[in-house]
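From a predicted model like this one, the values you see are computed outputs, not experimental measurements.
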Amino acid sequence: MNVNEAQRLQRHLATLLAEFAAGRGDETPPSVLNAAIQVALDRVGGVTSASVTTKAARAFTIAASSDHTAWAADHLQHELGHGPAIEAVITQEPYHLRDVVHDRRWPELGEKLAAENVFSVLSVPLGVASPDGSKVISASLNLYATAVDAFSPASVLVASMLAAHAGPSWTGAVCASRVGSLERGMTAQLNIGPAIGVLMVRYELDHDVAFELLRTISNRSNRKVADLATEIVKARDLPASATQFLRPTAARA
């Protein structure tokens, strides 16, 4: 690579990173992954479809995809239990299939990918997130092409740089999302006591009766006790649809 080529690549990478930063939206895990896919489609040479596969425990999931072709290519690998997307998620190493039909690592997969008009694959790892210290989620960015040997060395480099930049953004978003969910859950749990107090005062119930009423409404309406309690505290009363569970004397209070 000469000086001019190096400078062009440097400018290209700078544009790629700026576009990814601008496209992350609210920086939730889905918005980060969709931004990475869009930038890959726009900036990585040879790409025609893109997706992200994630793994939590033993389950693989298609977290995002640009179109049906990318979704189908990921789904085939999940069904067969092997392929570049699977290996990139598990090993956190890149995998490149120049020609899916003649690559002998996964011959059955190659035939099925070709039937979906996919002839080249490049899967690059996005990292591993551990939002609560025990649950581990890993991901790979998977790039598909309708031509054989579609990804040049420059394309592989650009894809790797994109993944290296997008990966920490994704893992950070996963952890932040988990923290937010825990905080909301804790707030809802903390509202159970105040909700019982609202029912005790509003309907002149003792503590055990008010708690049993809360549980009954939760079971009958198929709602979590904590979510129901949050609504009661906010309204300072039962939801209108739940007054049917009051005893007649309490209903007149």
Legend entry - Sub-4.5 Å side-chain heavy-atom contact between Pro94 and Val156: no
Legend entry - Derivation and outcome, side chain to side chain contact (heavy atoms under 4.5 Å, CB included), residues Val52 and Trp170: CA-CA 11 Å; Val52 173; Trp170 170 72; over 6 Å; no
Legend entry - Side chain proximity check, Gln77 to Asp74, heavy atoms < 4.5 angstrom: yes
Legend entry - Donor-acceptor contact present, side-chain Ser218 to main-chain Leu214, <3.5 Å: no
Legend entry - Min side-chain heavy-atom separation Met200-His207 under 4.5 Å: yes
Inset, instruction - Could you pull out all residues at least two apart from Thr146 that satisfy side chain to side chain contact (heavy atoms under 4.5 Å, CB included)? - result: Thr48, Asn117
Legend entry - Non-hydrogen side-chain atoms of Thr171 and Val128 separated by less than 4.5 Å: no
Inset, instruction - Check for a donor-acceptor pair, side chain of Arg104 on one end and backbone N or O of Val101 on the other, with a separation under 3.5 Å. - result: yes
Inset, instruction - Check the angle between the aromatic planes of Tyr95 and Trp106 and answer parallel, tilted or perpendicular using the 30° and 60° thresholds. - result: tilted
Inset, instruction - Any chance you could lay out the side chain to side chain contact (heavy atoms under 4.5 Å, CB included) test for Glu108 and Leu80, step after step, and finish with the verdict? - result: CA-CA 9 Å; Glu108 182 183 5; Leu80 293 171; 3.6 Å; yes
Legend entry - Any side-chain heavy-atom pair of Tyr203 and Val198 under 4.5 Å: no
Legend entry - Any Val158 side-chain heavy atom under 4.5 Å of Leu162 side chain: no
Inset, instruction - Under 4.5 Å between side-chain heavy atoms, chaining through other members, with only Ile, Leu, Val, Met, Phe, Trp and Tyr counted: pull out the rest of the cluster around Ile62, sorted by chain and number. - result: Trp71
Inset, instruction - Take Asn34 and Gln38 through the side chain to side chain contact (heavy atoms under 4.5 Å, CB included) test and state the conclusion after the steps. - result: CA-CA 6 Å; Asn34 285 325; Gln38 188 57 54; over 6 Å; no
Legend entry - Reference residue Pro84; test side chain to side chain contact (heavy atoms under 4.5 Å, CB included); the match among Val124, Val121, Leu113: Val121
Inset, instruction - Give a yes or no answer on whether the side chain of Gln92 reaches the backbone of Val89 with a donor-acceptor pair at less than 3.5 Å. - result: yes
Legend entry - Flag if over 12 foreign heavy atoms under 6.0 Å of NZ, Lys112: no
Legend entry - Heavy-atom closest pair, residues Ser155 and Leu122: O-CD2, 4.4 Å
Legend entry - Sub-4.5 Å side-chain heavy-atom contact between Tyr144 and Ser51: yes
Legend entry - More than 12 heavy atoms of other groups within 6.0 Å of Arg105 CZ: yes
Legend entry - Test side chain to side chain contact (heavy atoms under 4.5 Å, CB included) applied to Val118 and Leu109, Thr69, Leu76, Leu97, the passing residue: Thr69
Legend entry - Salt bridge present between Lys234 and Glu231 (N-O < 4.0 angstrom): no
Legend entry - Check: Ser120 side chain, Ala150 main-chain N or O, donor-acceptor pair, under 3.5 Å: yes
